[in-house]
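Order of appearance sets the numbers: ligands from 1, and atoms from 1 within every ligand. Model, not experiment: these values are computed from the prediction. We number each residue from 1, following the sequence as shown.
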Amino acid sequence: MAPSAHPRPAAPEEHQAAARLPAPRPGIDGLQAYIGGESEAVANPRLGRPIRLASNEGALGMSPAAAAAYAAAGETLHRYPDGSAGALREAIAAVHRLDADRIVCGAGSDELIALLARAYAGPGDEVVHSAHGFLMYALAARGAGATAVSVPERRLTADVDAILAAVGPRTRLVFLANPNNPTGSLLAPEAVARLATALPDGVLLVVDAAYAEYLDDRDYEDGARLVAETGRVVMLRTFSKVFGLAALRLGWAYCPAAVADVLNRVRGPFNVTAAAQAAGVAAIADRDFVARARMHNAEWRAWTADGLSRLGLLVHPSAGNFVLVDFAGLAGADAASRAEAARLALKADGILVRQMGAYGLPGALRVSIGTAEEMVAVVDAFAAVLDRQA
Ligand SMILES: *Cc1c(COP(=O)(O)O)cnc(C)c1O
């Protein structure tokens with residue numbers, strides 16, 4: 001082809017006029033964007049593909065019924081979704097025996113975390129979270145202009161008394177992930193109930209149960225019961241983990257009626273896509289898939305924890321689909337530099353795990369539970385790395 005006679009148009013950044021813009025709301029200027037798990041990777045030589053264990057995605061992929069429902073939704077992309085996500089809320093309500101009117105769906109539970117922060121907290125207000133809690137809580141609080149208050153933990157577990165002591169007249173929201181990501185720690189049902197009951201009026205407790213399906217129902221409090229019993233609890237759930245639908249962005253909240261009403265007014269009218277709603281209805285009905293995923297996770301989480309412990313690494317007990325692996329127990333150079341060196345060596349070997357500096361745990365790595373062959377490969381890779389570090 002002949003070269004064009006026209007000069008190449010300027011790139012947008014060369015082009016930008018210097019207009020004076022409105023300042024963003026308080027809190028936004030200092031905000032760091034959430035950094036997700038890495039996804040670019042080279043192929044692992046043994047498996048011939050990358051091994052992605054940095055984002056706690058479902059090890060077994062997704063339910064075939066959900067994939068089929070998603071494909072079918074592709075036939076009618078010209079139609080707006082059901083703005084109330086009615087069929088999905090009814091399906092969730094039937095499985096969990098909840099009131100569908102008090103379920104609000106979101107584009108991932110991340111959207112619901114942000115909406116709760118924006119709806120209930122602003123400049124001058126405080127949002128309380130535990131020190132190694134899920135990062136989005138502090139980011140959502142700051143994005144709303146509120147102050148995020150980090151509460152020290154005890155042995156990497158949320159401390160109910162310390163949280164209650166941190167709650168003051170400016171507190172609007174308390175976020176608690178149970179189990180917590182990235183530590184994997186779990187609070188007993190009595191502890192969650194005690195927190196919910198002891199909070200003063202005017203404070204909402206958000207129990208984020210993103211990993212609920214990985215637990216046995218016995219001896220686990222996901223927060224649903226406390227929504228009705230206390231009137232000041234919101235439970236969050238997601239389709240991104242055990243259901244394996246992270247790409248679709250789908251989560252839900254179970255709320256007191258007044259909170260559901262607020263969320264329904266502040267959310268976008270079509271915040272959940274039609275494809276996500278259709279896949280969600282199919283996924284939640286596929287109880288066999290969830291049961292298989294739970295059993296796979298229990299088996300390979302134990303196997304992985306055992307294998308990594310034998311290498312001298314400290315593996316924290318986890319109730320989720322991941323383990324937090326601590327280099328602090330090892331002798332030699334400092335834990336943070338050994339953890340980072342290990343992460344980079346694994347990455348060069350086509351294995352992605354999550355660095356934990358942003359969570360205040362620079363000497364640890366978080367490893368998601370993947371397939372059997374992935375976990376065998378990752379334990380072998382850690383062994384090789386530690387051999388070289390020794
Ligand atoms: C993964 C995760 C979420 C985010 O879920 P999405 O529905 O994908 O936004 C929320 N809370 C915790 C604790 C998580 O680990």
Side-chain angles (χ1 to χ4, degrees), residues 33-39 52-59 62 66 85 88 92 103-117 127 129-141 143 153 156-158 173-187 192 205-215 220-223 234-254 263 267-268 271-273 275-277 279-280 283-284 293 297 301 316 318-324 353-354 356 358-359 361 366-369:
Y34 178 81
I35 300 172
E38 284 182 291
S39 56
R52 302 175 194 282
L53 303 174
S55 298
N56 297 350
E57 294 148 338
M62 74 211 123
L88 176 58
I92 292 168
I103 295 171
V104 179
C105 297
S109 42
D110 279 349
E111 183 191 26
L112 297 163
I113 292 167
L115 289 176
L116 284 164
V127 174
H129 63 89
S130 70
H132 306 293
F134 187 48
L135 263 187
M136 283 305 302
Y137 309 146
L139 294 180
E153 301 187 351
L156 294 191
T157 304
L173 291 164
V174 174
F175 280 100
L176 175 76
N178 197 43
N180 184 50
N181 168 21
T183 56
S185 61
L186 185 68
L187 280 193
V192 183
L205 171 64
V206 182
V207 179
D208 182 348
Y211 300 93
E213 291 83 1
Y214 291 110
L215 283 124
Y220 171 58
E221 177 56 68
D222 64 5
V234 171
M235 173 185 69
L236 295 181
R237 302 288 284 258
T238 179
F239 281 86
S240 298
K241 306 286 160 56
V242 83
F243 294 102
L245 297 176
L248 285 183
R249 313 306 305 127
L250 184 58
W252 54 280
Y254 191 59
L263 289 176
R267 70 179 173 84
N271 61 329
V272 178
T273 68
Q277 293 183 35
I284 203 157
N297 189 64
R301 185 181 60 205
H316 294 280
S318 171
N321 67 337
F322 55 87
V323 285
L324 186 70
V353 300
R354 188 67 155 266
M356 290 283 109
Y359 283 95
L361 301 165
R366 193 193 66 197
V367 182
S368 307
I369 303 305

Identify all pairs of nitrogen or oxygen atoms, one from ligand 1 and one from the protein, separated by less than 3.5 Å, and list them with distances.
from, atom 1, to, atom 2, distance (Å)
ligand 1, 5 (O), Ser109, OG, 3.1
ligand 1, 7 (O), Ser109, N, 2.6
ligand 1, 7 (O), Ser109, OG, 3.0
ligand 1, 7 (O), Thr238, OG1, 2.5
ligand 1, 7 (O), Ser240, OG, 3.4
ligand 1, 8 (O), Ser240, OG, 2.6
ligand 1, 8 (O), Arg249, NH1, 2.9
ligand 1, 8 (O), Arg249, NH2, 3.3
ligand 1, 9 (O), Ser109, N, 3.2
ligand 1, 9 (O), Asp110, N, 2.9
ligand 1, 9 (O), Asp110, OD1, 3.4
ligand 1, 9 (O), Asp110, OD2, 3.4
ligand 1, 9 (O), Arg249, NH2, 2.8
ligand 1, 11 (N), Asp208, OD1, 3.4
ligand 1, 11 (N), Asp208, OD2, 2.5
ligand 1, 15 (O), Asn181, ND2, 2.8
ligand 1, 15 (O), Tyr211, OH, 2.6
ligand 1, 15 (O), Lys241, NZ, 3.0

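Pairs of residues two or more places apart, or lying in two chains, that qualify as salt bridge (charged side-chain N to carboxylate O under 4.0 Å, His left out) and include a residue from residues 234-246 are Glu213-Arg237, Asp222-Arg237.
Residues Asn181 and Arg366 bring a donor and an acceptor atom of their side chains to less than 3.5 Å of each other.
Side chains of Tyr137 and Val206 form no contact here, defined as non-hydrogen atoms less than 4.5 Å apart. For the pair Thr157/Leu187, a side-chain contact is recorded, criterion being any heavy-atom separation below 4.5 Å from C-beta on.
Under the salt bridge (charged side-chain N to carboxylate O under 4.0 Å, His left out) criterion, Arg249 pairs with Asp110, sequence neighbours left out. Evaluation of the side chain to side chain contact (heavy atoms under 4.5 Å, CB included) rule for Ala319 yields Pro179, Leu186, Leu215 as partners, not counting sequence neighbours.
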